[in-house]
Structures are given as C-alpha cells and as structure tokens.
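Notes follow the structure.
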Amino acid sequence: MIDFIEIDSKWQREWESAKIFEPSPDSRESYMVTAPFPYVNGPPHIGHLRTYGTADVLARYKRMKGFNVLFPMGWHVTGTPILASSKRIKAKDPDIINDMKAFGIEDSDIEKMTDPIFLASYFIDEFRKSFKAIGLSVDWRRQLISINPQFSRFIEWQFSVLNSNGLLTQGRHQIGWCPNENNAVGMHDTKHDVEPEIEKVIGIKFKVDGEEYSAACATYRPETIYGVTNIFVKEGATYVICEIEGNRYCMSKKAAEKLAYQFSVKVIKEISSSELLGKKYINPVTGEAVSAFPGFFVDDSFGTGMVISVPAHAPFDYAALAELVKRGNSVAATIKPVKVLDIDSKGAGPDIPVMSYLDTESLSGAIDSAAIEEAGIKQYREELHKGIMVTGEYKGLRIKEAREKIWTDMTGKGNAFELYIIANNAVCRCGWAIVVKTVDGQWFLNYGNEKWKAKAREALKGAVVLPKKGRSAFERAIEWIDLRAVARSQGLGTKLPMDNTKIIESLSDSTIYMSLYTIWNIISGVESEKLNKEFFDFVFLGKGDAESAAKSTGISYEIVKRCREAFDYWYGFTSRHSGMDLVFNHLTMYLFNHAIIFDKKYWPKQIAVNGSVLCEGEKMSKSLGNTVPIKSAIGRHGADVIRFVVVCSADLYADSEYSDSAANGVRERLEYINTLADNLKLYSPAELTHIDYWLYSKLNRKIISITNAIEELELRTASTAALYDSTIELKRYLLRGGSNQLVLTDYLSSLALLLSPITPHFSEDLWHMLGNSTFAAAEKWPSGNEAMLAGKIEMEEKLIDDVIEDSKHVLELVAKKGKQPKEIKYIVASEWKYILNNELAKDKNVSRVMDMIKSGELENTYDFKFDIQRCMGFVSSMAKKVNAIRNVETNPADELDIINDAKSYISKETGCKVVAEGEDSSASPKAAGSMPLKPGIEVS
RNA sequence: GCAGGGGUGGCAGAGUUUGGCCAAAUGCGACGGGCUUAGGACCCGUUUCCUUUGUGGAUGCGAGAGUUCAAAUCUCUCUCCCUGCACCA
C-alpha cells in the first residue's frame, strides 16, 4: 500500500527546498502559465481544481520539455462578495455561519471574520495550503493580492492608458437598489443569491377621458396595443396622480414610489381604485375608449400597477374577464377578444389564440394562477418567435420587428415612455424589494469601439484556443461585447482615476494583471508611490529608457531595468487557463485589454478553456451541500488521485466527474504499478526477446501519443494511455512470460515521467524507487523512439490474442456438447490466400483483384501457380468482410512460427495441448476454412 | 430569440477532425463460474437479436433523406437536451 499522504508531503518539501518552481529569466525559452486568481470569500473546493490543475499539468509538462516555466498565483479580493460575507457574519446569518463551521473554522475565527480583511486573509491562507497540498508547481514568491497598493498603482495606470485611447465613456445606467439600506444590490446581497434582473418595459399612455392625466400602463408587448379591450387596476389599492418629466399620470402609489428612483416623480394627489374604475381610457393608437376593471392578478407594486388587457393573447387577461362575467359584470360580458397576431404564417390560426394555451374549462372552477402563468409564458414565447401581425399598421411583419417599430413609434410620438423593472422580484437580504435606480454619469469601458474590436479580433487570430472548437465562442463574444459599466459605489478595490468616489469593478481590474506577476517579486518591496506612469510605461510599453524612468520614479536603475527584462522575457509566451463560463466576460476582456495596451509581441499566445467538476453526478453547489473541500478530498485519497480524477477524467471542454469509485479505480492502478516496481528484484536482466520488443514498441507508441495529447491538452486521452493502457500492457507482458528486469525498469521509468505532470508525487516516488536521484519533476520528458515501433510484432501479439479468443469460443461450444477436448490444432492458411489477402488489403477493391485473377496478371506478378477457381471463390467470400482486412503484410511461415512460439502461453490460457501445421500438409477438415491471420481450429 | 455545446450499448464515456481492422475502447453495474467457512479482494466468461463443433448473419450509434464499393464518422432537413445572454465574481 502506498501512503499517499506521506509521499505528498515528502516530495512537496523536497521540491520546495530545491526551489525548482521559482524560476528567473535565463537562456531557455520561457513559458508562462496563468489561471484566474481565485476569489477568496470561502473555502477552496475541488471545483477550483479543474482550472488550476489543468494549468499545473501543462506547466509541469512544459518544464520537462525544457522550457523555463513560470506558474504564478495571486488572490482576488476586489468587489463586494467579501464585504457581503463579512456583513452576513456580523448579522449572525445562520446559513453562512454554518457553512464556515462545516469547513472546520473555529468560532473565534468566525467572530473575527466580521472584519473583511481578516476574512480574506484567512481564506488566502486556506487556498495556499490547499494548492500546496495538491502539488501546484507555483512560484509562491509572486503572490499578489488585488488590493495591494502596488496592484492599485498598476490598475490606475491601466485605466489611464485606456482613457488616453478614448475608451472610457460616461452615461446613464440602471442598477438594482435597496431603498431600505440605500445601496446598490448585486447577486451577493439578495435572498437566495439571485441576480436582480433588470428589464426595460414600455409605459403606454392612455389618456383619461375628461382629465388632464393619462393612465400609465407598463407592458413588454406594445404590439398588442391593437387588441386592448380594457384596462385592469387592483381593486382596493391606493393610486396617485403624479407628474413625471412634465407629464401627468395615474399609477399605483407603490409604483410611483419605485419610479422615483428612475425619474423625478412629483405626487399631486391620491386617488382610489374605485374612482379609476369609473373612467374611460383612450387608446393612443386606435383612438378607441375602453373601460377599467378590477383584475384579480394585478400587483400594484409591479410596473405601474395598471395593466392593459389583451384577452386574445394573454391568459391572465382572459381569465380575469371570465371571472368578472361569472360575478355578473355586464360590461365585461360584452367584451370580445381582438386578435392581433397569428402564429400561422397564413393567418389560419384560431380567432382567439389564447384558447390554444388556456384550459378554458378550468376557468369555471377555482382560479389556478400557476397554470395560467404557465400558459402565459408559453403563449408569449411562441408568439414572439413565430407570430405575424394580422392587424394595424405593421400587418404582415414578424412580431420582433413589429414590436421594435411600434415601440419607437410610441416613444417617439410621446405616447409612451420607457421604464425599468426588476423582472424576477428579487429581494434584498434585509427583506425589502429591490428597485431599479438610474445613475447618471456612470463610467463605461466601450468594448463596442470598432477599432478596439478590430484589435481584439487580431489578437484572437494570433492565439491558439484549446480546445480548438472553443474558438467560435470567442469570435462571437468579441462581436457581442459592448459597453461595460466599470464604476461601483461600494466594494474593495482600486479607485477610478477619473472619479475618486468610485471603485473599479472587479472584472475590469483583472484583465491584464498577469503581466504584473513577471515583476512582482522584484517590486514587492518598492514603495507604491514610486510606481508611477513613467515606471509602468517603461516596463510594460518600453517607452523611454531605464535611466530616465529610474530618475523620475526614484527607484534604482537596476530594479527598473530588471523589471523591463523580466516582463519582456516572461510575457513572450503566455498560456491563459480558465473555465468556459468566463469566455463571455473575463477572457474576452482579457483579449481586448491586451490588444490595446501591449505591443503585439506580448499578446496572448494560448487560451485554454475547461469545463467544470461534477460531484457524484451532480453539479456542485452550496445549496445542494455537496461541495467537497480540497483538503478533505486529499485526506481521503491523496493529492495525485484527486488530480487525476478531477483534472484528467474528462475532455477539456466537458465536465469532469469526481466520485469515490473513480478515485478508487485510479488508486488501484497506481498501487499496481507501485507493487510491480517494488517487486523488480524478482526479475533479472536478460537478452531481449520477442515480447520485450513488443513492450518497447507499445511504450514508444504510448510516449508519442501522450506527448501529442498533452500538447493539445487532451488530458483524458493522455491519462488513459499513461495509466489504464499501461497496466493492461504490463499485465499482458508478464502473462506472456516477459521477465526482463531491464525492460521493466525502462518501462516503469518512462511511465514515472509520463505520469509526472498528472501524478507528480507518485511519479517522484516511483522515480526514486527505480534508483534515480534526480527529480522526476525536473527531468527531461521522454521522447518516443520511432525505431522501436514494431508494427509487425504488435500484430503478431494481436494474432495470438485473437487465436486464443476464438479457441475459447470453440472450446465452449464443444463443452456444451459434453466433450472435453485435450488438444487444439491450428491450421495456417496456404500461401496463395496470403497473396490474395495482401492484394485486397492494398485498396480493398474486390473487382480489381478479381480482374487480376481472370486476366492472369496475378500469376505474372507473383510467379506462383494459382488455382483460378479456388482463388475466385476465396476472393468473393472475402468481399463482404473486405473492410476487416488488415493492411499488414504477412506470410504463412511467419504465422506458423508465431503460433509455435506462443504454444505454452496458448496452452496455459486454453488448458489444451497446442499443435500447429500448414494448410497444404494438413488433413484436417478445418483446413479449407483457414484464412490469413485466422487459422483453422480443430479441437479434439 | 441569439450564441455555444451535445444526443453512441443497462449506466458513465471514447470513437466524428483524417469514412474502411467498429457490434463499437475503457470504467462501472448485472449475471454465471473459479477461489474462499463466509464476505471482501482477485481471476475467467456472458451482457442487441438469431445461428453455431467455431472465427457466420441480421439489426444498430436521436429521426429521416442523400453522397460512397463502404457512414457512428461527410452533406442536408428535422427533433430533443444542456449552458450562457453580463455589469455578479
């Protein structure tokens, strides 16, 4: 049994004291691997490991390939989540406190986490411990934290460069807002961690007959204006007359209060819902006057609290009218639904489309709001996608188009105004409903800038994307990304240079920070005030020279010069690793920012995108309570098994799956290899034999395929070949009588190195067990020797396997008849069959070979006496399975030798004595059926 | 809707770029057998259907059509599933 925990810590100590992961620029080619610095507001779990593990495998592999590899790590602290967590702990929120306790954090430490900086540093510590324990080959001298003053100077510089390129613009912006706490609300501040969904709707003005105000009716679907039969208000709710931007409206009091965060709202007076019910409302498009009714479903705190009723297209409206009729409302009884659009392109759909979605029978009973809502969603979707207008000015147009036109028509003519709502009714942790607040003067990064986009496209072109199929997502993302709001009123981070009251948002301050790693170990002692524009301009842009930069900053010439050299050296080749969920924001912004700030030679060279980690078949999430902390996973299985399972058990783009059974499977195989290495003394060196060459051939083939796979980060392919195929090969080698100590040592040594990027601790241990004193982690990657590939020998071994398999099949059939055979006779086919077989193997063209036989070309070519009749019969019998013919030249003499050589093995496997002979000299009834690579089998 | 990914045997999951040793790797499960006092571990076999003193045949990789001597693999149409659509990290 391997003590995985023991070897983990042993080799981690040795590597650390040998400083093999702390590189400096030298004469080798550089290779820099980075992954997003983790956000440290909670414990590290195995989900984090996918990206970092993949990056580490690549880093370790490239190191062995002879590159000078830098794999740095930092910590992301910027933004609101850490503040939010602290706040929740302060408020004694049991959910978060229980989570912390479950992770094993002492009460006293939880207490201290009310200080966000303590919380961050606590988890930084945890992450570092876990990352070290899993064996990441990180240069720990370069840990930057996104709120270090030096980091902030760098971000300020970045924004000044962006600003000087005209990429920062100002404008209006909508945010989620808690009226109670008076602050912006993001996902981390809501109940159940939902993102407040801000949506734009249109408020249509229905002039109230005889009054100087209009009803403001909010809707997503202005195109249904042609089908409005009435208006709904909430019975019993308080409404108000108010003034917004010079217009007077009636709307619910609650709505007016919410809209005050978007507009300047002046309330004139309150008005009861019953007063509104008595009035007439003029449709701004059709000019028709309609009545108002009480609607059971109306929520006076949503939108404007006044709803247009389109019974033909909205199940709720239809149901509400039906309900009114049931209660004896005679005016409602006169209302006929008006069809506005049809999902049938010929207009042949039903006259009252809502009937296709709503179970009208159920309307006679109790109201089932959930069912009506579901019908509404379905109808809305279908009509949006397939609908064609059948009435009004835009008759014949598709709905999406018609909606856009009607929207701009109405807002343009002053018949409507735009407003924002929280579509998902998100609620702040304090319990208040979130509202939409309009902020003027928000700063945006303008990713819509065409020149910038062009540069980003160029940058993408110059980068390798892994997996290859991931590229199209980037192409889309570059076109799609537009304005991004960058200023926040709260959170940790760097202040926006243009507005010192604002913090730079946390994805925007992490787009080019990887470049800072290259010099972090040099500047971490430098006072942050000295890191001015001249310094960064020189180090990262090469502007000016070291002397003047040193003079203007007060930093020593040596340091300035070293920084520039370090950046220039390391940033020549960078490989960025991240999860696929970051393609549409972080990774795309990463490309954009590199493209505009740095010289082309420092642009990203490779971007690798990976999937996530499933746990026992389920997506990991806090709410499911199935997140597995890295430290407990390691405690169970050791670092290498976890690395293997989490990082290598799926293709790069697919989700990998962590499960105990998978982990056990990996461990068993590692144990097998280890035991074999332990038992090497039982074998002794000898001359190379057939089966030794077979193993060498397999090994070299494996080296080549693993190397190719890792280059493409196809780690599943690589790891399967390295571990699973290897154990199968080793078992077979021993079974076939292989026992050469030198060969086994060679094989295991190569295997140790091949596995080293994936299972570094195990490999290091194996490497030393085999008598080596160097570090496997720093060894040269094995190179596949083409000369050792022996296709023929592999084919021969395959032949033996096939022969054994077929023999067992026959023996079984015979056994069913109650016979117990003692001997198997193999009859190797005649030479002419081999000639035809090889001829067919060339191009698998049956008719060509037939022609050869008939025309006599065959005899001319091969100088052999053929029996035309039998040849034709043989070829036509082969016609059906021509696909299965192997493209390997064989002959009967060799095949006979192979079988004779393997007699003892076959005999052991089948339990029978083995005899072999040629077809020509055989009297066996099975002789005629013999074929190349499929000898006749007779048991007796 | 837009964009991205996918549909393979009881399950998980390769194979698709470059069509042909593909009835389809590997793992798990199930069943039968061996070994054991027993269980575990381990070993052998079976695991689409039919056929069988043999290595044969049929069907088959979401559905349908096409290209080809040959299709899981290429083309087209359809269908279903998953993910993202932001200012949250």
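The figures that follow rest on heavy atoms only: side chains count, while hydrogens, waters and symmetry mates do not. So that the names make sense, note that chain A is the first sequence line, chain B the second, and so on, each numbered from 1.
Each of A/Tyr724 and A/Phe584 was matched to the nucleotide of RNA chain B holding its nearest heavy atom; the match closer to the 5' end belongs to A/Phe584. Place A/Asp725 and A/Glu938 on RNA chain B by their nearest nucleotides, and A/Asp725 ends up nearer the 5' end.
For the segment residues 712-720 of chain A, residues with any heavy atom less than 4.0 angstrom from an atom of RNA chain B are, sorted by number, A/Arg716.
The C1' atoms of B/A63 and B/G54 are separated by 38 Å, rounded to the nearest whole Å. For the P atoms, the distance from B/G27 to B/C42 is 12 Å, rounded to whole Å. Taking atom C1' on both B/G5 and B/G60, the two are 25 Å apart, rounded to the nearest angstrom. Distance noted for atom C1' between B/U48 and B/C44: 23 Å (whole Å). For the C1' atoms, the distance from B/C49 to B/U37 is 42 Å, rounded to whole Å. Between B/G19 and B/A70, the distance separating the two C1' atoms is 8 Å to the nearest Å. Across the P atoms, B/A30 and B/G40 are found 10 Å apart, a figure rounded to whole Å. If you take atom P in B/A65 and the same atom in B/U73, they sit 14 Å apart, rounded to whole Å.
Ion pair A/Arg457/A/Glu479 flagged as a salt bridge, since at least one NZ, NE, NH1 or NH2 atom sits closer than 4.0 Å to an Asp/Glu carboxylate oxygen.
Using a distance-only test at 3.5 Å, with no hydrogens or angles considered, no donor-acceptor pair links the side chain of A/Thr511 to the main chain of A/Leu507. Without hydrogens or angle criteria, A/Tyr420 side chain to A/Val435 main chain gives no donor-acceptor distance under 3.5 Å.
Residue A/Arg476 places none of its side-chain N or O atoms closer than 4.0 Å to OP1 or OP2 of B/G84. Using a 4.0 Å cut-off, no side-chain N or O of A/Ser146 falls inside it from OP1 or OP2 of B/A89. Between A/Thr80 and B/A89 there is a side-chain N or O to OP1 or OP2 distance below 4.0 Å.
At a threshold of 4.0 angstrom between heavy atoms, the contacts of A/Leu483 include nucleobase atoms, whether or not backbone atoms are also involved. At the heavy-atom level, A/Arg471 lies nowhere under 4.0 Å from the strands shown. Within 4.0 Å of A/His76, counting heavy atoms only, lie sugar-phosphate atoms of the nucleic acid but no base atom. Contact annotation for A/Glu475: no contact, since no heavy-atom pair falls under 4.0 Å across all strands.
Consecutive Watson-Crick or G-U pairs involving RNA chain B, each under 3.5 Å on both distances, make up stems of three or more pairs at B:1-7 with B:79-85, B:10-12 with B:26-28, B:29-34 with B:42-47, B:48-50 with B:56-58, B:62-66 with B:74-78.
Across A/Leu119 and A/Ser85, no two heavy atoms sit closer than the pair CD1-CB, 4.0 Å. In this structure, A/Gly493 and A/Ile147 approach most closely via the heavy-atom pair N-CG2, 4.0 Å. Nearest heavy atoms, A/Leu587 versus A/Gly579: CD1-O, 4.4 Å.
In this entry the distance linking CD1 of A/Ile481 with C1' of B/G84 reads 13 Å, nearest Å. Rounding to whole angstrom units, CZ of residue A/Arg701 and P of B/A25 are separated by 20 Å. Rounded to whole Å, atom C1' of B/G56 lies 14 Å from atom CD1 of A/Ile937. Note: CG (A/Leu652) to C1' (B/G5) measures 13 Å, nearest angstrom. Spacing between atom CZ of A/Arg403 and atom P of B/G1 amounts to 14 Å, rounded to whole angstrom units. Atom CG in A/Asp581 sits about 13 Å away from atom P in B/U83, given to the nearest Å. Whole-Å rounding puts the A/Arg669 CZ to B/A41 P distance at 14 Å. A straight line from CG of A/Asn585 to P of B/G4 spans 17 Å, rounded to a whole angstrom.
Ring geometry, A/Phe37 versus A/Phe151: the interplanar angle falls from 30° to 60°, so the pair is classed tilted.
Considering only the side chain of A/Lys731, B/C43 comes nearest among B/C43, B/G5, B/A89. Here the side chain of A/Ile728 is nearest to one of B/G4, B/A86, B/U26, namely B/U26.
Aromatic ring centres of A/Phe584 and A/Trp480 lie closer together than 6.0 Å.
The shortest side-chain heavy-atom distance between A/Ser510 and A/Thr78 does not fall under the 4.5 Å cut-off.
Going from atom CG of A/Leu162 over to atom CZ of A/Phe592 covers 12.0 Å, rounded to the nearest 0.5 Å.
Side chains of A/Asn446 and A/Thr169: no donor on one and acceptor on the other come within 3.5 Å.
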